[in-house]
Undergrad: 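Handing you this structure, nothing more for now.
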Amino acid sequence: MSDTARMTRFVRFQSPHADARGRYVGVFGLVNAAAKSGQLTSEQEAFRRTNNDWFDAYYADPNTVDRTVYDPGVNPAAAGWFKADAVELIDRTERYLDLCRVLGICCERVESENPGKIIYEDEHQIVVVSDQYR
């Protein structure tokens, strides 16, 4: 772990309840699942698509950098966290929480000094494996 990561608080937005596989699904997964199941209005879908495209354009998707990061056979409990100083990412992600509230999907903000073993890191985010935050 880098010195920067040791001093940084990390932020994650996730379901407060484990899914059938024991994972705490992150907010993007929750909203994308709602879209896939047809729960979003056309306005909500436009919000999701526009914001997902924004994230894709401006920030690295750890899965495209290293295909094993979220591979359930390699890292079944992998979870993405933002570095606390990634203010723009966090602010934009909090908009997804508003959508979850409207949809009746439970989602919470979680903070940690040490969320787990870092398996991916860039300037704005980390991906960890941990028994505590699946």
Side-chain angles (χ1 to χ4, degrees):
M1 180 185 323
S2 72
D3 288 339
T4 303
R6 280 191 205 103
M7 298 182 311
T8 305
R9 287 191 58 86
F10 300 100
V11 177
R12 177 171 167 75
F13 300 92
Q14 68 182 24
S15 171
H17 311 290
D19 68 7
R21 292 178 23 197
R23 297 172 305 143
Y24 295 85
V25 178
V27 68
F28 299 115
L30 294 170
V31 171
N32 289 338
K36 187 175 181 180
S37 67
Q39 296 177 32
L40 303 184
T41 66
S42 57
E43 293 82 15
Q44 291 166 337
E45 175 58 20
F47 164 86
R48 184 190 74 86
R49 190 67 265 142
T50 298
N51 283 281
N52 284 3
D53 290 347
W54 181 88
F55 279 101
D56 290 344
Y58 292 103
Y59 294 95
D61 174 351
N63 197 49
T64 62
V65 176
D66 179 352
R67 288 283 194 205
T68 67
V69 168
Y70 289 115
D71 183 325
V74 178
N75 296 307
W81 291 73
F82 296 130
K83 293 181 178 179
D85 61 358
V87 176
E88 185 177 34
L89 276 169
I90 293 168
D91 287 347
R92 194 139 186 153
T93 302
E94 286 180 343
R95 297 178 194 171
Y96 283 74
L97 292 180
D98 294 334
L99 178 55
C100 285
R101 278 192 271 299
V102 168
L103 296 170
I105 298 170
C106 294
C107 191
E108 64 184 2
R109 178 183 171 131
V110 179
E111 296 184 17
S112 178
E113 290 288 337
N114 183 15
K117 178 184 172 196
I118 296 174
I119 58 172
Y120 170 87
E121 181 173 7
D122 65 34
E123 180 182 354
H124 307 286
Q125 61 191 326
I126 60 173
V127 177
V128 304
V129 290
S130 169
D131 291 335
Q132 185 177 6
Y133 298 105
R134 295 181 200 166

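None of these values were measured; they are calculated from a predicted model. Counting begins at 1 with the first residue of the sequence. Computed over heavy atoms, backbone and side chain alike; hydrogens, waters and symmetry mates excluded.
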Undergrad: Are Ile118 and Val74 grouped together when hydrophobic residues (ILVMFWY) are joined by side-chain heavy atoms under 4.5 angstrom apart?
TA: no
Undergrad: Which heavy-atom pair separates Val128 from Ile126 by the least distance, and what is that distance?
TA: CG1-CD1, 3.5 Å
Undergrad: Out of curiosity, Asn32 CG to Leu40 CG, how far, rounded to the nearest 0.5 Å?
TA: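 These two atoms lie 9.0 Å from each other.
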Undergrad: About how many Å separate CZ of Arg92 and OH of Tyr59, when rounded to the nearest 0.5 Å?
TA: 9.0 Å
Undergrad: Which atoms form the tightest heavy-atom contact between Leu103 and Gln39, and what is the distance?
TA: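 Closest heavy-atom pair between Leu103 and Gln39: CD2-O, 3.8 Å.
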Undergrad: Looking only at atom types and distance, does a side-chain atom of Thr50 sit under 3.5 Å from a main-chain N or O of Phe47, one as donor and one as acceptor?
TA: no
Undergrad: Taking the side chain as C-beta and beyond, is there a heavy-atom pair between Trp81 and Val110 under 4.5 Å?
TA: yes
Undergrad: Minimum heavy-atom separation for Ala78 and Ile119, please, with both atom names.
TA: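 Reported closest heavy-atom pair: CB-CD1, 4.2 Å.
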Undergrad: Rounded to the nearest 0.5 Å, how far apart are CD of Gln14 and SG of Cys106?
TA: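 Rounded to the nearest 0.5 Å, the CD-SG separation comes to 12.5 Å.
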Undergrad: Checking side-chain polar atoms at under 3.5 Å, does Tyr96 have a donor or acceptor matched by the opposite partner on Asn52?
TA: yes
Undergrad: Please name the pair of heavy atoms, one in Asp122 and one in Ala60, separated by the smallest distance, quoted to 0.1 Å.
TA: OD2-CB, 3.7 Å
Undergrad: Would you call Phe10 and Lys83 a side-chain contact if the rule is heavy atoms closer than 4.5 Å?
TA: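 Yes, side chains in contact.
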Undergrad: Quick check: is Val11 connected to Val87 through a chain of hydrophobic side chains (ILVMFWY, heavy atoms under 4.5 Å apart)?
TA: no
Undergrad: In Å, rounded to the nearest 0.5 Å, how long is the span from CZ of Arg9 to CG of Asn114?
TA: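 Between atom CZ of Arg9 and atom CG of Asn114 there are 11.5 Å.
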Undergrad: Examine distances only and state if a side-chain atom of Arg12 and a backbone atom of Gly80 form a donor-acceptor pair shorter than 3.5 Å.
TA: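 At least one qualifying donor-acceptor pair exists.
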Undergrad: Do Arg101 and Asp98 meet the salt-bridge criterion of a basic N to acidic O distance under 4.0 Å?
TA: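 So Asp98 pairs with Arg101 through a salt bridge.
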Undergrad: Would you say Gln125's side chain and Ala86's backbone share a donor-acceptor pair under 3.5 angstrom?
TA: no
Undergrad: Strictly distance-based, threshold 3.5 Å: is any side-chain N or O of Asn75 a donor or acceptor partner for the main-chain N or O of Thr68?
TA: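 Pair found, side chain donor or acceptor close to backbone of Thr68.
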Undergrad: Under the side-chain contact (heavy atoms from CB on, under 4.5 Å) rule, what do Glu94 and Arg109 come out as? Steps first, then yes or no, please.
TA: CA-CA 9 Å; Glu94 286 180 343; Arg109 178 183 171 131; 2.6 Å; yes
Undergrad: Hey, any chance Val31 and Val102 share a hydrophobic cluster, counting ILVMFWY side chains that come within less than 4.5 Å of each other, even indirectly?
TA: no
Undergrad: How are the rings of Phe55 and Phe28 set relative to one another: parallel (under 30°), tilted (30 to 60°) or perpendicular (over 60°)?
TA: perpendicular
Undergrad: Search all heavy atoms of Ser15 against all heavy atoms of Leu30 and return the closest pair with its distance.
TA: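 It is N-CD1, 3.9 Å.
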Undergrad: Less than 4.5 Å apart, any side-chain heavy atom of Pro115 and any of Ser130?
TA: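 With C-beta onward as the side chain, the pair stays apart.
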Undergrad: Could you go through the side-chain contact (heavy atoms from CB on, under 4.5 Å) check for Glu108 and Phe13 one step at a time?
TA: CA-CA 5 Å; Glu108 64 184 2; Phe13 300 92; over 6 Å; no
Undergrad: Using every non-hydrogen atom in the two residues, find where Ala34 and Ile105 come nearest and quote the distance to one decimal.
TA: CB-CD1, 4.0 Å
